[in-house]
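This report concerns only the one structure given below.
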Amino acid sequence: MRQNCMKKMMKKNEAIAAILCIVMVLILTIRSNVFWDPRNLHSLQASFVPTAIIAFGMMLLLICGYFDMSVGSIMLLSAIAAGKFTMMGFPMPVVLVLTLAVGLVMGCINGYLVSILGINALIATLGMQYVGYGAAMLLWNEVRTLQAFDDAYIILGDGEFAGMYVMTWVLLLLIVLFSMFLKYFPQGKRLYFVGGNKEAAKLIGFHDKRILFLAYAATGVLTSLAAVFRSAYVHKPTQYMGEGIHMTCFIACVIGGGSFAGGKGSAAGAVLGVIFMSLLTNTFNLLKMSPELQNIVVGVILVLVVTLDGYRNIKKLREQGKI
């Protein structure tokens, strides 16, 4: 019964996110004559894919009832580290593995701080955001002279197959794997149980600490993978990569059906939420809106989605007689 209600709610949230995306496309089609231009669609695709990959990790954490403020600095550190590994003369496969290892280490540290030591997720991941940024800036002084990555690395970002970027095909594969993991694997189903009812999860023997640790580790690896694609697309690391991406992922995941209270979320919801945010950014650019107005719009959307999420959680608790 509870599972059916959860499925209906997720489908409802996904439908709302899909409607929002359709509305944005209609607005852009009417207001801009270059929205359907192939160059704009390629640019939209390139900005959407890395964010969606990070959103998968963020959705995993939201399902558990947690979040990660450090994904921006992990992305930055990973991209700059990839540049450093390239300058050291490592071949592309080794650069890729070492870069993903950077995200894994950062994710494991976050997981250890939050799940094992019990530090508040906001404090722990915000602290790691500063650590990651500081480490990235130390490396940046050595990497800033890099003119471009090797061609074998660059093809990960701007290489195409059947009319779409290689990274887009990787994203489609991740959507399938992520959906199957949450729907059919016991470990995926446990995420919902741990996030929706932590006390009950403990009573029946679910190792919520281990599950949360692995969720943070997975988020770190996914963020590094996004950094690889993004840096490969622009041909070199930049010192502004990942800026503000944690808030974009927060908003996208909540719009797509995730909740700060945990127990809700899906792969489709994460993707739809990111599509909406990417279309919103594309609207800003095509309509040449000022940065100040962009900040106001994003801030209002953030307040609205958090308020709506809080309202839904309070309503649920009242229905259960807990408040």
Side-chain angles (χ1 to χ4, degrees), residues 38-57 70-108 132-178 217-246 248-249 274 278:
R39 288 173 298 181
N40 181 61
L41 295 179
H42 272 71
S43 176
L44 190 61
Q45 188 182 159
S47 65
F48 156 73
V49 172
T51 307
I53 291 173
I54 297 174
F56 285 154
S70 67
V71 290
S73 68
I74 294 176
M75 187 179 193
L76 176 64
L77 178 60
S78 298
I80 293 176
K84 178 63 176 177
F85 297 141
T86 299
M87 293 179 73
M88 292 170 67
F90 291 119
M92 188 277 286
V94 177
V95 172
L96 180 60
V97 171
L98 291 176
T99 303
L100 295 180
V102 171
L104 177 62
V105 170
M106 293 290 287
C108 286
Y133 182 77
M137 287 300 97
L138 286 175
L139 278 178
W140 175 247
N141 293 326
E142 303 176 26
V143 175
R144 64 196 315 160
T145 56
L146 178 68
Q147 296 300 312
F149 286 113
D150 297 335
D151 290 342
Y153 185 94
I154 290 173
I155 200 171
L156 296 172
D158 64 8
E160 292 187 29
F161 176 75
M164 293 196 301
Y165 286 126
V166 172
M167 60 179 170
T168 306
W169 288 106
V170 174
L171 174 64
L172 293 175
L173 176 61
L174 287 174
I175 292 172
V176 174
L177 294 176
F178 190 70
T219 301
V221 173
L222 288 169
T223 303
S224 285
L225 180 61
V228 168
F229 289 137
R230 185 60 185 165
S231 60
Y233 177 75
V234 298
H235 294 192
K236 63 179 181 179
T238 69
Q239 64 187 111
Y240 304 107
M241 195 166 291
E243 188 174 346
I245 202 165
H246 60 292
T248 301
C249 290
V274 174
S278 297

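Just so you know, residue 1 is the first one in the sequence shown, and it goes up from there. These numbers were taken from a predicted model, which means no experiment stands behind them.
In terms of the side chain to side chain donor-acceptor pair (under 3.5 Å) criterion, S47 has no residue partners (sequence neighbours excluded). Checked against salt bridge (Lys or Arg N to Asp or Glu O under 4.0 Å), E142 has the following partners two or more places apart in sequence or in another chain: K84.
Sorted by first and then second residue, the side-chain hydrogen bond (donor to acceptor under 3.5 Å, both in side chains) pairs involving residues 146-157 (not counting sequence neighbours) are Y153-S231.
With W169 contributing its side chain and F161 its backbone, the two residues share a donor-acceptor pair below 3.5 Å. Under a 3.5 Å cut-off, the side chain of S43 and the backbone N or O of R39 do not form any donor-acceptor pair.
Residues P237 and V143 meet the side-chain proximity criterion, which asks for heavy atoms closer than 4.5 Å.
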Could you walk me through whether M137 and L76 pass side-chain contact (heavy atoms from CB on, under 4.5 Å), step by step?
CA-CA 9 Å; M137 287 300 97; L76 176 64; 4.0 Å; yes

Audit row: M87, T145, side-chain contact (heavy atoms from CB on, under 4.5 Å) steps and yes/no:
CA-CA 10 Å; M87 293 179 73; T145 56; 3.7 Å; yes

Can you check side-chain contact (heavy atoms from CB on, under 4.5 Å) on F48 and T168, steps first, answer last?
CA-CA 9 Å; F48 156 73; T168 306; 5.9 Å; no

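Side-chain contact check for D158 and H235: at least one donor-acceptor pair (N or O, by modelled atom type) lies under 3.5 Å.
Taking the six-membered ring for Trp, Y233 and Y165 have ring centres closer than 6.0 Å.
Note: F56 and F178 have parallel aromatic rings, judged against thresholds of 30 and 60 degrees for the angle between ring planes.
Residue Y133 qualifies as open at atom OH: its count of foreign heavy atoms under 6.0 Å is 12 or below.
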